[in-house]
Trainee: 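Structure incoming, see below.
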Amino acid sequence: MSRYTDEFRRSIDHPEAFWAEQARRIPWFKAPERILEYDEANHARWFADGELNIAHAALDHHVEQGRGDQPALYWDSPVTDSKSTLTFREMRDQVASFAGALRDLGVEKGDRVVIYMPMVPEALVAMYACARLGAVHSVVFGGFAPHELAVRIEDATPKVVVAASCGVEVNKVLPYKPIVDAAIEQSAHKPDACVVFQREQHVAELGARDHDWATLVAKAEPADCVPVKGTDPLYVLYTSGTTGKPKGVVRDTGGYAVALAYSMDVIYDVEPGEVFFSASDVGWVVGHSYIVYAPLLRGATSVVYEGKPVKTPDAGAFWRLIEEYRVKSFFTAPTAFRAIKKEDPDGKHLANYDISSLKALFLAGERLDPPTFHWLDDLLEVPVIDHWWQTETGWPIAANLHGLEPMPTKAGSATVPVPGFDVQILDREGEPMGPMEQGSVVIKQPMPPGCLVGVWGDPQRFHAAYMAAFPGYYLTGDGGYIDEDGYLFIMGRTDDVINVAGHRLSTGEMEEVVGAHPAVAECAVIGIHDALKGQLPVGLVIPKDGFDGREVELEEELIALVRDKIGPIACFKQVLVVDRLPKTRSGKILRKLLRNIADGKEFGIPSTIDDPASLEEVHDAMKAREVGAAHEARQV
Ligand SMILES: CCC(=O)SCCNC(=O)CCNC(=O)[C@H](O)C(C)(C)COP(=O)(O)OP(=O)(O)OC[C@H]1O[C@@H](n2cnc3c(N)ncnc32)[C@H](O)[C@@H]1OP(=O)(O)O
């Protein structure tokens, strides 16, 4: 039996024994004795009686073990022309001081703190400071508009909001304070206080509710780590669902710490003292798991990068970082390499750098398309590893287990299920499917440690969204198949969630925004293939009777509305005005068919269609506006 097969079987056949063993990777205050339990809704709960603090495990513990002078973070910010290093000791001390400042504002165990910050070390300090107090952080990505921030503030009801005065994009400074103020204005819940970390690129004006980070910290006493239970929440991270309201994914503390520590070993193969670089953002789950928590838990150094793959200053940026910080494992989204490939198709920048420290490249956040895989595989002398996971799972579901038993790669496959994840493919009736048969990708209960334990404040939604479709299984929302060798192929979402540049977005939410425009009678937003960003949203709208404005103006207004309500990362840039939308006789818009047309695929006219002519009209409109590859679509 291979090492992988042995480990995987043990994790599935004897989960309690397997995870009790992995739990020894963590310095608990009180080691767990109750390893796996089920709550009243029959969902797994891990390490319920264990006591720990993840800030202690990731910082204080390493200082106590003699790593105090080792860098915990390398911050590299080409957009502000700055760099700095924080050792484990400095990081622990900054976290303890900021935790003291939060405590002075009344933050206690279980309170929520919303964090709206760019890729600066203080974002990580704020997250760890919450963890130190046992408070629950909820980080919101800086590319979200005030409305999105407001929805999250209203749902999480934080006592305090922590923000930076600004974010810095390639060539623009984005003041954050007006966004935070507008969000608090829109939210029914008002936090007691807002702490602002002032950046020199833009200093924010502070109001009555606001506190300056530096002033607060200067007078705060450092706070000790508050012991929390293994099952106590560490954070809430919102993710797009099929409806307008995002879901607050709740992560526990003990299971998450154990899963991350395990993954750093068996998947990413990073040892204490080595350097891990994840080019993402603290606002996404990749940032939470593999910029903030996992590297430091492992005693490794994390690179915090405030820049882009291209234009900061060029397509050699990642290679420069790998050389400069002697990065061993590097993780990013495929879209980042598509951007590099576009600017530097022959990979010429690579020749300027010594990347011999790099032992593996990991990609996730969206499907690694075979052309990008082959481009990287030809360019690099290290394994190019696609792996698949979700905000909900917090760590990889399927991967090539580089630290356990590297396997041959297959383009388009995330390789094999990670130990702990009993991945299965089910048909519509919930029956298991055979090799090569495509169906719903599900995970048989119990989910391993580290996965979501609920939707914040909404147990019903947790059950309905993930557990109800196939009792006994977690519904991933992705479709795919397993081949004869046990390799998993993820083919895309089975719902209306789209992936734009590695950002998971809801077309349903965009439809709510577009449909709220006074001139719009009906609309559909579909995700179409895009060579750079993976997918892009396109709107199709039917104006209200009597609409006498100009279509081009309506399009501009709708684009501005989505940018204003959701944010620039929605990349909503094209709207078609049509007379009718193809629907079934029961009134359901035929979105899959619309997607197929926009993607240039062959399409048939379904027998359930209400009015076949509507399809031809939309196809003509798409061709006229050069939407995607609609000109290649053929009716069969
Ligand atoms: C495995 C579990 C997961 O899936 S977790 C999610 C993993 N996903 C990721 O890590 C995301 C990967 N994508 C990226 O890092 C970026 O898209 C990369 C590839 C770097 C490209 O960035 P960029 O050129 O800015 O394009 P974009 O599509 O991201 O941005 C579109 C517009 O939004 C803006 N934006 C972006 N980030 C911010 C931010 N933090 N604050 C404010 N605005 C932001 C961009 O400037 C851009 O705006 P504009 O439309 O040009 O005005």
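Nothing here was measured: the structure is a model prediction, and the numbers come from that model. In each ligand, atom 1 is the first atom listed, and ligand 1 is the first ligand listed.
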Trainee: Hey, what do you get for CG (Asp496) to OG1 (Thr507), rounding to the nearest 0.5 Å?
Mentor: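 Answer rounded to 0.5 Å: 4.0 Å.
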Trainee: Side chains of Lys247 and Arg461: closer than 4.5 Å at any heavy-atom pair?
Mentor: yes
Trainee: Tell me which residues fall inside the under-4.0 Å heavy-atom shell around ligand 1.
Mentor: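 Residues near ligand 1: Phe141, Gly142, Gly143, Glu169, Lys172, Leu174, Tyr176, Ser280, Trp284, Val285, Val286, Lys308, Pro309, Ala333, Thr335, Ala336, Gly365, Trp389, Ala501, Gly502, His503, Lys533, Arg563, Pro568, Ile569, Cys571, Lys573.
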Trainee: Quick one: sort the Tyr235 and His137 rings into parallel, tilted or perpendicular, breaks at 30° and 60°.
Mentor: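 Ring orientation, 0 to 90° scale: parallel.
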Trainee: Any ion pair linking Glu509 and Lys245 (charged N to carboxylate O, less than 4.0 Å)?
Mentor: no
Trainee: Should we say atom NZ of Lys444 is surrounded by more than 12 heavy atoms from elsewhere, each under 6.0 Å from it?
Mentor: no
Trainee: Taking the six-membered ring of Phe144 as reference, does the NZ or CZ atom of Arg152 fall below 6.0 Å from its centre and within a 45° cone about the axis?
Mentor: yes
